[in-house]
Amino acid sequence: VVDLEAKVIRITLTDGGAGDSDGVINGTIVDPGAPGFDDVAPPGAPTGVAVTVIGNEQVTVKFTAPASDGGSPITGYTVTSSPGGLTATGTASPIVVTGLANGTAYTFTVTATNSAGTSVPSTASTSVTLSAAGGGGCSMGLNNGPADPTLPLLVVAALAYLVRRRRA
Amino acid sequence: LNFPQVWKDLQYGAAIAAAPFFWGILLLIGYAPAGLSFPLDEPQAFLRFTLIYPVLEELVFRGLIQENFLRASWGKRQIAKVSVANVATSVLFATSHLLFHSPLRAAGVFFPSLIFGYFRDRYGRIVPSICLHVFYNSGYMLFFPGQ
(Lines give C-alpha, C1' and ligand atoms only; values in the text may rest on other atoms or scores of the structure.)
Protein backbone atom coordinates (compact mmCIF):
# COMPACT_ATOMS: atom_id res chain seq x y z
CA VAL A 1 0.00 0.00 0.00
CA VAL A 2 1.47 3.31 -1.00
CA ASP A 3 0.39 6.38 0.92
CA LEU A 4 1.85 9.40 -0.85
CA GLU A 5 0.52 11.92 1.63
CA ALA A 6 2.06 10.12 4.60
CA LYS A 7 5.16 9.18 2.61
CA VAL A 8 4.73 5.55 3.66
CA ILE A 9 5.08 2.36 1.70
CA ARG A 10 3.60 -0.62 3.51
CA ILE A 11 4.69 -3.95 2.02
CA THR A 12 3.18 -7.27 2.90
CA LEU A 13 5.13 -10.32 1.85
CA THR A 14 3.61 -13.75 2.08
CA ASP A 15 5.44 -16.95 2.57
CA GLY A 16 4.50 -19.94 0.55
CA GLY A 17 2.24 -21.30 3.22
CA ALA A 18 2.01 -24.84 4.50
CA GLY A 19 4.63 -27.06 2.99
CA ASP A 20 6.87 -24.16 2.05
CA SER A 21 9.74 -24.87 4.35
CA ASP A 22 12.56 -23.22 2.47
CA GLY A 23 12.84 -20.48 5.13
CA VAL A 24 12.67 -17.76 2.50
CA ILE A 25 9.83 -15.28 2.26
CA ASN A 26 8.84 -14.87 -1.35
CA GLY A 27 7.42 -11.70 -2.85
CA THR A 28 7.87 -8.91 -5.35
CA ILE A 29 8.26 -5.17 -4.78
CA VAL A 30 6.76 -3.15 -7.59
CA ASP A 31 7.53 0.52 -8.14
CA PRO A 32 4.12 2.21 -8.11
CA GLY A 33 5.26 4.67 -10.76
CA ALA A 34 4.31 8.34 -10.94
CA PRO A 35 3.49 10.23 -8.89
CA GLY A 36 6.44 9.24 -6.79
CA PHE A 37 7.42 10.98 -3.61
CA ASP A 38 9.79 13.22 -5.47
CA ASP A 39 6.84 14.66 -7.40
CA VAL A 40 5.39 16.33 -4.28
CA ALA A 41 6.98 19.45 -2.90
CA PRO A 42 5.94 22.22 -0.54
CA PRO A 43 3.70 24.81 -2.19
CA GLY A 44 4.85 28.17 -3.39
CA ALA A 45 4.55 31.20 -1.16
CA PRO A 46 1.22 33.06 -1.02
CA THR A 47 1.26 36.50 -2.60
CA GLY A 48 -0.54 39.79 -2.31
CA VAL A 49 -0.75 39.92 1.47
CA ALA A 50 -2.98 42.81 2.57
CA VAL A 51 -4.02 43.70 6.09
CA THR A 52 -7.18 45.41 7.32
CA VAL A 53 -7.49 46.55 10.91
CA ILE A 54 -10.96 45.42 11.90
CA GLY A 55 -10.94 46.48 15.49
CA ASN A 56 -9.40 46.44 18.84
CA GLU A 57 -6.40 44.06 18.81
CA GLN A 58 -7.36 42.25 15.62
CA VAL A 59 -6.79 42.40 11.89
CA THR A 60 -7.94 40.58 8.80
CA VAL A 61 -5.17 39.29 6.54
CA LYS A 62 -6.04 38.69 2.92
CA PHE A 63 -3.78 36.94 0.46
CA THR A 64 -3.68 35.16 -2.88
CA ALA A 65 -3.06 31.43 -3.01
CA PRO A 66 0.28 30.43 -4.55
CA ALA A 67 0.37 29.56 -8.22
CA SER A 68 1.88 26.17 -7.39
CA ASP A 69 0.47 23.75 -4.82
CA GLY A 70 3.61 21.62 -5.07
CA GLY A 71 1.77 18.67 -6.51
CA SER A 72 -0.42 18.12 -3.47
CA PRO A 73 -3.48 20.09 -2.34
CA ILE A 74 -2.82 22.94 0.07
CA THR A 75 -4.23 21.95 3.44
CA GLY A 76 -3.89 25.25 5.25
CA TYR A 77 -2.36 28.66 5.62
CA THR A 78 -0.60 30.23 8.57
CA VAL A 79 -0.40 33.96 9.18
CA THR A 80 2.45 35.13 11.39
CA SER A 81 2.82 38.57 12.90
CA SER A 82 6.03 40.50 13.33
CA PRO A 83 6.86 41.41 16.00
CA GLY A 84 5.36 38.94 18.42
CA GLY A 85 5.20 35.88 16.23
CA LEU A 86 1.47 35.52 16.82
CA THR A 87 -0.04 33.02 14.42
CA ALA A 88 -3.47 32.27 13.06
CA THR A 89 -4.41 29.48 10.72
CA GLY A 90 -7.11 28.86 8.18
CA THR A 91 -7.84 27.00 5.00
CA ALA A 92 -8.42 30.06 2.82
CA SER A 93 -8.13 33.83 2.69
CA PRO A 94 -8.97 35.90 4.67
CA ILE A 95 -7.68 34.91 8.10
CA VAL A 96 -8.35 36.93 11.25
CA VAL A 97 -5.48 37.47 13.68
CA THR A 98 -6.46 38.37 17.23
CA GLY A 99 -4.59 39.14 20.40
CA LEU A 100 -2.40 41.83 18.87
CA ALA A 101 -1.19 44.75 20.94
CA ASN A 102 -2.65 48.17 20.34
CA GLY A 103 -0.10 50.84 19.57
CA THR A 104 2.33 48.38 17.98
CA ALA A 105 3.23 48.46 14.30
CA TYR A 106 2.85 45.01 12.77
CA THR A 107 3.67 43.33 9.49
CA PHE A 108 2.34 39.91 8.53
CA THR A 109 3.58 37.02 6.42
CA VAL A 110 1.66 33.99 5.20
CA THR A 111 2.82 30.43 4.56
CA ALA A 112 0.99 27.63 2.78
CA THR A 113 1.16 24.01 3.81
CA ASN A 114 0.60 20.76 1.93
CA SER A 115 1.51 17.14 2.59
CA ALA A 116 5.09 17.77 1.60
CA GLY A 117 5.66 20.63 3.99
CA THR A 118 5.36 24.37 4.40
CA SER A 119 6.19 27.05 1.89
CA VAL A 120 8.63 29.83 2.41
CA PRO A 121 6.93 32.90 3.91
CA SER A 122 5.25 35.40 1.62
CA THR A 123 6.53 38.89 1.22
CA ALA A 124 5.56 40.83 4.35
CA SER A 125 2.51 43.06 4.30
CA THR A 126 2.75 46.78 4.72
CA SER A 127 2.96 47.87 8.34
CA VAL A 128 -0.23 48.63 10.25
CA THR A 129 -0.63 50.05 13.73
CA LEU A 130 -3.60 49.08 15.84
CA SER A 131 -5.32 51.55 18.07
CA ALA A 132 -7.31 51.00 21.21
CA ALA A 133 -9.44 53.87 20.03
CA GLY A 134 -10.30 52.21 16.75
CA GLY A 135 -13.81 53.09 15.91
CA GLY A 136 -16.27 54.61 13.59
CA GLY A 137 -15.17 58.04 12.61
CA CYS A 138 -17.39 60.55 14.39
CA SER A 139 -19.46 57.91 16.13
CA MET A 140 -19.42 56.01 19.37
CA GLY A 141 -18.65 52.32 19.69
CA LEU A 142 -15.70 50.24 18.59
CA ASN A 143 -15.28 47.96 15.62
CA ASN A 144 -16.08 44.46 16.78
CA GLY A 145 -15.57 45.71 20.27
CA PRO A 146 -17.73 44.91 23.22
CA ALA A 147 -21.42 45.57 22.86
CA ASP A 148 -22.21 49.25 23.12
CA PRO A 149 -24.26 49.81 26.28
CA THR A 150 -25.26 53.25 25.03
CA LEU A 151 -26.94 51.94 21.89
CA PRO A 152 -30.28 51.08 23.55
CA LEU A 153 -30.25 54.50 25.20
CA LEU A 154 -29.62 56.16 21.85
CA VAL A 155 -32.49 54.21 20.29
CA VAL A 156 -34.92 55.19 23.05
CA ALA A 157 -33.89 58.86 22.91
CA ALA A 158 -34.13 58.90 19.11
CA LEU A 159 -37.62 57.38 19.24
CA ALA A 160 -38.63 59.93 21.86
CA TYR A 161 -37.49 62.71 19.54
CA LEU A 162 -39.36 61.27 16.57
CA VAL A 163 -42.55 60.86 18.61
CA ARG A 164 -42.28 64.44 19.82
CA ARG A 165 -41.76 65.69 16.27
CA ARG A 166 -44.80 63.80 15.10
CA ARG A 167 -46.94 65.29 17.85
CA ALA A 168 -45.64 68.82 17.28
CA LEU B 1 -34.48 67.53 2.84
CA ASN B 2 -34.55 70.37 0.41
CA PHE B 3 -31.86 68.98 -1.83
CA PRO B 4 -31.66 71.85 -4.36
CA GLN B 5 -31.13 74.30 -1.51
CA VAL B 6 -28.51 72.13 0.10
CA TRP B 7 -26.55 71.44 -3.06
CA LYS B 8 -26.50 75.11 -3.97
CA ASP B 9 -25.13 75.92 -0.53
CA LEU B 10 -21.40 76.60 -0.83
CA GLN B 11 -20.96 76.14 2.90
CA TYR B 12 -22.48 72.69 2.74
CA GLY B 13 -20.26 71.92 -0.25
CA ALA B 14 -17.26 73.08 1.75
CA ALA B 15 -18.28 70.81 4.62
CA ILE B 16 -18.40 67.87 2.20
CA ALA B 17 -15.04 68.80 0.67
CA ALA B 18 -13.49 69.07 4.12
CA ALA B 19 -13.79 65.32 4.61
CA PRO B 20 -11.39 64.23 1.83
CA PHE B 21 -9.03 66.95 3.03
CA PHE B 22 -9.13 65.45 6.53
CA TRP B 23 -8.61 61.92 5.22
CA GLY B 24 -5.55 63.19 3.33
CA ILE B 25 -4.16 64.62 6.53
CA LEU B 26 -4.66 61.25 8.25
CA LEU B 27 -2.66 59.61 5.48
CA LEU B 28 0.11 62.17 5.90
CA ILE B 29 0.37 61.57 9.64
CA GLY B 30 0.71 57.84 9.20
CA TYR B 31 -2.73 56.32 9.19
CA ALA B 32 -2.60 53.23 7.00
CA PRO B 33 -5.18 52.91 4.23
CA ALA B 34 -6.98 49.63 4.70
CA GLY B 35 -7.45 48.50 1.13
CA LEU B 36 -11.11 49.53 0.86
CA SER B 37 -12.33 46.02 1.63
CA PHE B 38 -13.80 46.67 5.07
CA PRO B 39 -17.42 46.94 3.82
CA LEU B 40 -17.11 43.45 2.34
CA ASP B 41 -15.08 41.98 5.20
CA GLU B 42 -17.23 43.38 7.99
CA PRO B 43 -20.56 44.47 6.48
CA GLN B 44 -22.38 44.61 9.81
CA ALA B 45 -19.77 46.80 11.45
CA PHE B 46 -19.60 48.97 8.35
CA LEU B 47 -23.37 49.55 8.37
CA ARG B 48 -23.35 50.14 12.11
CA PHE B 49 -20.85 52.97 11.83
CA THR B 50 -21.93 54.44 8.52
CA LEU B 51 -25.69 54.37 8.96
CA ILE B 52 -27.06 53.28 12.33
CA TYR B 53 -24.85 55.38 14.61
CA PRO B 54 -24.93 58.54 12.48
CA VAL B 55 -28.72 58.50 12.20
CA LEU B 56 -29.26 57.75 15.89
CA GLU B 57 -26.68 60.28 17.04
CA GLU B 58 -28.11 63.03 14.85
CA LEU B 59 -31.64 62.29 16.04
CA VAL B 60 -30.51 62.47 19.65
CA PHE B 61 -27.83 65.18 19.63
CA ARG B 62 -28.87 67.54 16.84
CA GLY B 63 -32.54 66.66 17.20
CA LEU B 64 -33.52 66.07 20.79
CA ILE B 65 -30.71 67.87 22.64
CA GLN B 66 -29.83 70.79 20.37
CA GLU B 67 -33.48 71.63 19.72
CA ASN B 68 -34.13 71.65 23.46
CA PHE B 69 -31.15 73.91 24.05
CA LEU B 70 -32.34 76.23 21.28
CA ARG B 71 -35.58 76.77 23.17
CA ALA B 72 -33.62 78.45 25.96
CA SER B 73 -32.64 82.07 25.53
CA TRP B 74 -28.99 81.27 26.14
CA GLY B 75 -29.10 78.59 23.48
CA LYS B 76 -30.18 81.05 20.81
CA ARG B 77 -27.17 83.28 21.37
CA GLN B 78 -24.47 83.03 18.77
CA ILE B 79 -20.69 83.04 18.89
CA ALA B 80 -19.20 83.64 15.43
CA LYS B 81 -22.46 82.49 13.82
CA VAL B 82 -22.45 79.30 15.90
CA SER B 83 -25.30 78.93 18.37
CA VAL B 84 -24.48 78.34 22.01
CA ALA B 85 -26.92 75.43 21.80
CA ASN B 86 -24.69 73.93 19.13
CA VAL B 87 -21.55 74.43 21.23
CA ALA B 88 -23.18 72.92 24.31
CA THR B 89 -24.49 69.98 22.29
CA SER B 90 -21.05 69.43 20.78
CA VAL B 91 -19.48 69.40 24.23
CA LEU B 92 -21.94 66.68 25.22
CA PHE B 93 -21.31 64.85 21.95
CA ALA B 94 -17.54 64.86 22.50
CA THR B 95 -17.93 63.89 26.15
CA SER B 96 -20.10 60.91 25.24
CA HIS B 97 -17.30 59.62 23.04
CA LEU B 98 -15.05 59.33 26.08
CA LEU B 99 -16.92 56.12 26.81
CA PHE B 100 -15.12 54.50 23.91
CA HIS B 101 -12.29 56.69 22.74
CA SER B 102 -9.19 58.41 24.05
CA PRO B 103 -9.60 61.97 25.35
CA LEU B 104 -7.79 63.30 22.29
CA ARG B 105 -10.03 61.45 19.91
CA ALA B 106 -13.16 62.34 21.84
CA ALA B 107 -12.12 65.98 21.74
CA GLY B 108 -11.55 65.58 18.03
CA VAL B 109 -15.21 64.84 17.32
CA PHE B 110 -16.14 68.21 18.84
CA PHE B 111 -15.36 69.94 15.53
CA PRO B 112 -17.38 67.75 13.17
CA SER B 113 -20.13 67.96 15.75
CA LEU B 114 -20.05 71.77 15.43
CA ILE B 115 -20.40 71.35 11.66
CA PHE B 116 -23.37 69.01 12.04
CA GLY B 117 -24.96 71.40 14.52
CA TYR B 118 -24.29 74.40 12.29
CA PHE B 119 -26.24 72.89 9.42
CA ARG B 120 -28.99 71.79 11.76
CA ASP B 121 -29.38 75.44 12.74
CA ARG B 122 -28.99 76.66 9.17
CA TYR B 123 -31.72 74.43 7.77
CA GLY B 124 -33.87 73.98 10.84
CA ARG B 125 -33.87 70.26 10.30
CA ILE B 126 -31.47 67.40 10.92
CA VAL B 127 -31.43 65.62 7.57
CA PRO B 128 -28.50 67.69 6.20
CA SER B 129 -26.57 66.84 9.37
CA ILE B 130 -27.41 63.16 9.02
CA CYS B 131 -26.16 63.17 5.42
CA LEU B 132 -22.88 64.81 6.45
CA HIS B 133 -22.40 62.44 9.37
CA VAL B 134 -23.06 59.42 7.15
CA PHE B 135 -20.60 60.76 4.57
CA TYR B 136 -17.87 61.49 7.12
CA ASN B 137 -18.17 58.09 8.76
CA SER B 138 -18.43 56.22 5.46
CA GLY B 139 -15.17 57.64 4.20
CA TYR B 140 -13.43 57.02 7.49
CA MET B 141 -14.64 53.43 7.71
CA LEU B 142 -13.73 52.83 4.08
CA PHE B 143 -10.20 54.17 4.35
CA PHE B 144 -9.24 53.78 8.01
CA PRO B 145 -11.45 51.16 9.68
CA GLY B 146 -10.46 50.32 13.20
CA GLN B 147 -7.85 53.03 13.46
Any residue of residues 155-167 of chain A which, by heavy atoms, sits under 4.5 Å from chain B
A:Val155, A:Ala157, A:Ala158, A:Tyr161, A:Leu162, A:Arg164, A:Arg165
Side chains of B:Val60 and A:Leu153 in contact at under 4.5 Å (non-hydrogen atoms)
no
Which one, B:Asn68, B:Ile65, B:Thr50, B:Ile52, leads in non-hydrogen pairs under 4.5 Å with chain A?
B:Asn68
So if you build clusters from Ile, Leu, Val, Met, Phe, Trp, Tyr with side-chain heavy-atom gaps below 4.5 Å, do B:Ile16 and B:Ile130 land together?
no
Path from B:Leu59 to B:Phe49 over hydrophobic side-chain contacts below 4.5 Å:
no
Does B:Val55 belong to the same Ile/Leu/Val/Met/Phe/Trp/Tyr cluster as B:Leu92, with side-chain heavy atoms less than 4.5 Å apart forming each link?
no
Would B:Val134 and A:Leu154 show up in the same hydrophobic cluster when neighbours are defined by side-chain heavy atoms closer than 4.5 Å?
no
Evaluate whether atom CZ of B:Phe22 has more than 12 neighbouring non-hydrogen atoms of other residues, nucleotides or ligands under 6.0 angstrom away.
no
Heavy-atom pair with the smallest gap, counting every atom of B:Leu56 and A:Leu151
CD1-CD1, 3.7 Å
Applying a strict 4.5 Å limit to non-hydrogen atoms, the region of B:Leu98 in contact with chain A is neither
Transitively linked via ILVMFWY side-chain contacts under 4.5 Å: B:Tyr123 with B:Ile115?
yes
